Amino acid sequence: MTENGYTSDEIMSIVASRHLRDGQVCFVGIGLPSEAANLARLSHAPDVVLIYESGTIGTRPEILPLSIGDGELAEQADLVVSVPEIFSFWLQAGRVDVGFLSAAQIDRFGNLNSTVIGSYEEPTVRLPGAGGAPEIASSAGEVIVMLRQSARTFVEAVDFISTVGFGRNGEGRERHRGAGPTVVITDLGVLEPDPRTNELRLVAVHPGIDTDDVLDQTGWPLQVASDLATTEPPSGEELRILRELKQRTAIAHAGP
Amino acid sequence: MTENGYTSDEIMSIVASRHLRDGQVCFVGIGLPSEAANLARLSHAPDVVLIYESGTIGTRPEILPLSIGDGELAEQADLVVSVPEIFSFWLQAGRVDVGFLSAAQIDRFGNLNSTVIGSYEEPTVRLPGAGGAPEIASSAGEVIVMLRQSARTFVEAVDFISTVGFGRNGEGRERHRGAGPTVVITDLGVLEPDPRTNELRLVAVHPGIDTDDVLDQTGWPLQVASDLATTEPPSGEELRILRELKQRTAIAHAGP
Amino acid sequence: MAEFTSLRAAIEDLVPDGSVVAMEGFTHLIPVAAGHEVIRQGKRDLTLIRMTPDVIYDQIIGMGCAVKLIFSWGGNPGVGSLHRLRDAVENGYPRPLMIEEHTHAGMATRYVAGAAGLPFGILDGYVGTDLSDHTNVATIRSPFDGEEVTAVSALNPDVAVIHAQQADRRGNVGLWGITGVQREVALAAKNVVVTVEEVVEELDLRGPNGAVLPSWTIDAIAEVPRGSHPSYSMGYTRRDNAFYTRWDAISRSREIFAKWIAEYVSGPDDFSTYLAALDDGTLTSLVDDD
Amino acid sequence: MAEFTSLRAAIEDLVPDGSVVAMEGFTHLIPVAAGHEVIRQGKRDLTLIRMTPDVIYDQIIGMGCAVKLIFSWGGNPGVGSLHRLRDAVENGYPRPLMIEEHTHAGMATRYVAGAAGLPFGILDGYVGTDLSDHTNVATIRSPFDGEEVTAVSALNPDVAVIHAQQADRRGNVGLWGITGVQREVALAAKNVVVTVEEVVEELDLRGPNGAVLPSWTIDAIAEVPRGSHPSYSMGYTRRDNAFYTRWDAISRSREIFAKWIAEYVSGPDDFSTYLAALDDGTLTSLVDDD
């Protein structure tokens with residue numbers, strides 16, 4: 001909990017939720033993306049359509065899922081389809097407006113690494129791998145990245161491009177249907193690609209965060225937008241809805 | 001009705017049903033194939049698996065369907081799948097042992113025409129087209145052809161190969177998974193491909209049918225097997241089961 | 001998000017002259033009432049796509065609404081020919097009809113590719129047939145083992161028209177039983193029109209193979225009970241086999257066909273006249289004296 | 001035709017040493033009891049295929065049963081790493097493990113191609129990633145419009161192992177809820193082993209997305225209630241989230257892992273000891289003092 005009365009996870013979820021517009025179709029992962037998407041659905045975007053890669057479409061979970069394939073997601077869905085179908089008929093076909101992604105590393109051009117630290121053949125750390133992310137990044141209309149900021153995770157160049165942002169040299173997205181990472185939301189602020197260079201730059205800091213701290217936690221010389229903003233603090237209503245959701249979740253998962 | 005107490009349709013269905021073995025998976029069309037397959041299921045092959053191209057798998061209709069997609073087929077099926085799936089996961093994957101086909105023309109190498117009489121661009125008669133037949137012929141383990149015999153339908157060379165048997169010049173089936181037309185059952189007798197030449201030859205005549213009549217009703221110089229057989233006449237049991245099935249069907253379809 | 005509307009408005013808005021239209025339903029759930037509305041509005045120069053043209057396209061083609069047909073089996077199921085389709089192909093009456101012909105497996109693969117956002121699909125098909133010389137297919141090799149497969153291009157119609165059993169109040173569409181290629185065509189098309197037997201509070205998929213198309217994949221929904229006649233809607237209506245047989249006689253003559261269409265389709269304001277004639281047994285009276 | 005048998009007999013007969021095995025279940029319906037039987041029988045040199053290796057493959061890999069893993073996401077869902085998998089890849093412990101890595105979409109496409117009898121499948125995927133340089137994919141062009149797509153080779157495992165809710169007396173298998181790639185892997189594999197929660201007179205698919213695998217597509221069925229723990233079987237059991245968290249501690253240490261496996265998996269004759277420990281709360285007691 002910060003002195004402002006909310007945690008860094010909370011401000012990440014709340015800022016991300018504000019990026020969703022009502023009626024958008026959103027491909028969601030577990031954890032903060034799921035919090036953000038459901039907070040949007042329970043507040044300003046009641047008709048946002050949530051899709052989880054397990055095949056649940058239009059789901060309205062009462063509680064947050066702990067896995068991508070919780071029964072709650074299937075029970076509350078408009079329909080449930082197979083995994084091949086969710087990736088072909090729904091994601092690949094361009095029906096998803098917004099995809100959420102995270103990773104172990106992100107670089108200045110928004111490329112993501114969730115595969116290895118070190119070399120692929122002899123990794124120092126073997127990470128879980130890409131899963132659904134490469135095709136989410138390729139096919140979703142845009143991608144929202146949520147990732148806690150540190151010089152270890154925000155690196156000059158990722159060890160391995162698991163999921164492409166704007167390419168190794170920021171060359172762009174000609175070969176992809178979607179616009180790629182349009183925003184990166186961290187515990188310190190918000191980064192967006194510079195439209196001229198595709199390089200991520202700082203466009204907002206969260207309340208109470210010093211810009212120099214953000215630069216320190218970034219592994220490349222981070223550009224700062226001339227019109228750098230300060231994030232609107234979480235409202236009481238946003239915090240109330242998010243906390244109620246998390247409390248319902250905690251009670252349900254503690255149950256028999 | 002012949003003097004022997006059965007119709008030519010009946011002997012066609014009964015001879016075809018005898019070609020099905022219990023447990024085989026059978027891709028069935030409407031009309032005589034459907035009669036034959038259900039007769040087999042209701043007599044010597046209770047565990048024959050019937051698939052109709054509308055997507056009904058393992059169906060056990062009480063009455064014969066009048067269309068390939070009758071509700072009866074869906075209601076009595078082990079499962080119902082989409083049309084893309086029936087052709088990909090079930091037929092193309094090689095899960096069908098026997099397919100039934102018919103056509104407007106057949107030639108000496110078992111090629112079938114159901115597309116045009118005359119040229120494709122300016123047909124004398126535009127026939128319905130191939131539908132599911134080309135891939136049934138390609139992928140089913142073997143094909144049973146049922147077709148009334150006449151010099152107009154049994155031709156030297158079909159006007160158009162809608163569905164390939166052994167190819168325009170009898171060249172064979174190297175490019176196909178299945179064995180192709182292993183038997184052609186007509187109202188006059190039974191033809192099978194000569195294993196050396198792939199040319200259809202007469203291997204049996206139905207009771208009371210003269211071999212010369214079969215030759216007259218064939219548009220090419222039909223070879224006759226040296227061990228030409230006479231078809232075992234329909235048994236009382238076969239006729240009883242077939243007629244009860246057809247009577248149930250007539251009553252049901254006359255109903256409200 | 002699906003809008004509930006009249007069938008007339010849906011066809012006016014979403015089926016312009018010259019568009020590429022797929023009206024699907026494999027024996028079951030054929031959107032016949034919607035086809036009648038296409039005729040009633042005198043649409044022109046349509047490219048029609050449908051695996052099995054059936055009575056619905058025989059009527060539309062017979063009225064000269066189409067310039068092209070993409071199909072895989074063009075007969076009257078269990079009966080014989082589609083006479084209006086044949087007259088168009090064989091004699092150019094009432095106008096010439098271009099055809100693009102495929103196999104069932106090929107058409108299904110094309111719709112799947114369209115629904116999946118791929119430029120083409122692959123199958124083991126067409127091999128050894130003369131059709132492969134007269135239609136748009138290609139052979140490609142597996143980059144892994146060199147095995148040859150057949151490629152067919154994706155189908156992405158301007159508009160898909162289907163009939164389903166139910167829509168709920170939010171516009172989600174539910175269907176069951178034999179669903180053919182309806183989900184695929186709906187997901188492949190740029191716009192989607194659905195007629196339904198019934199609008200319900202909550203979908204109740206009371207049969208095998210239940211499927212849902214969410215509201216946001218659909219543009220217009222019109223409630224048209226019995227809108228699939230003479231085909232059927234499992235759980236609501238039965239197939240009218242007798243009509244298919246009588247259609248052979250109605251459609252065999254250009255004159256009787258024209259009279260029948262004028263009386264039951266193009267003359268009336270909507271589908272209700274057709275249903276009333278069906279109910280009082282006069283729908284096929286033009287040929288019942290044969 | 002499916003035979004009802006014991007899980008022991010099914011794994012003995014259908015999972016020989018050196019075979020290519022796919023045990024699927026996407027978060028839901030993971031065939032964990034069958035995985036334990038593989039360990040119990042000391043299988044060697046398996047090639048394991050699974051989109052999400054999960055706890056089930058962490059255990060099998062940790063016991064040195066596998067030479068190769070084909071996968072797309074190898075974490076402990078919602079928790080973190082699979083430590084036994086990491087130890088095998090990073091340190092070759094207890095033996096080196098070859099990996100062949102894909103994306104989820106790629107793996108799904110590979111199973112679909114396998115189920116459809118095609119040599120390969122196509123998708124819009126892998127583009128721009130480093131993975132495409134480290135795995136077996138190819139680029140092919142549409143013969144129609146020149147657009148590039150990615151090709152992946154078909155997966156046809158020697159044996160698929162899945163867990164489902166029900167089998168009926170004839171051996172038809174019913175499942176519902178999140179069905180992942182289970183139908184596809186079952187139809188792609190040469191042999192199929194199914195464990196079920198319950199054998200019933202008639203299948204009763206009481207949830208969304210119901211699916212049936214007919215008896216003649218399956219080789220062996222064993223009734224193993226709760227056989228998907230710590231994942232779940234919708235309509236029968238709930239996901240044991242706490243176990244996944246505790247697995248992190250159990251699997252982190254080579255020694256605790258070995259002790260846990262000896263006590264609950266390889267030592268006992270069958271799955272009942274594991275279930276008894278689950279019921280009396282001792283299943284994770286090796287690490288409950290942390």
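Convention: sequence-line order gives letters A, B, ...; per-chain numbering from 1. No experiment lies behind these values; they were computed from the predicted model shown.
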Of all the residues in residues 138-145 of chain B, which have a heavy atom that comes within less than 4.5 Å of a heavy atom in chain D?
none
For each of D/S215, D/P214, D/G114, D/A211, tally heavy-atom pairs with chain B at distances under 4.5 Å, and name the one with the top tally.
D/P214
Provide the closest heavy-atom pair for B/H44 versus B/R18 in the form atom of the first, atom of the second, distance.
CE1-CA, 4.0 Å
Could you check which of D/L213, D/V112, D/L203 has the highest count of heavy-atom pairs closer than 4.5 Å to chain B?
D/V112
Check: D/R110 and D/S153 side chains under 4.5 Å, non-hydrogen atoms:
yes
Could you tell me whether the side chain of D/Y111 reaches within less than 4.5 Å of the side chain of D/I49, counting heavy atoms only?
yes
Do D/E197 and D/S228 touch side chain to side chain, with heavy atoms closer than 4.5 Å?
yes
Distance, nearest 0.5 Å, that separates CD1 of B/I63 from CD of B/Q76:
9.0 Å
So, do B/P65 and B/I30 sit near enough that their side-chain heavy atoms are less than 4.5 Å apart?
yes
What residues of residues 90-111 of chain B sit under 4.5 Å from chain D when only non-hydrogen atoms are counted?
B/W90, B/Q92, B/A93, B/R95
D/Q182 to D/I178 - nearest heavy-atom pair and separation
NE2-O, 4.4 Å
Checking heavy atoms, do the side chain of B/V80, its backbone, both or neither come under 4.5 Å from chain D?
neither
When only pairs under 4.5 Å are counted, which of D/V212, D/L187, D/T217 shares the most heavy-atom pairs with chain B?
D/L187
Is the D/Y236-D/H163 ring centre distance short of 6.0 angstrom?
no
For D/V192 and D/D219, work out which heavy atoms get closest and say how close.
N-OD2, 2.8 Å
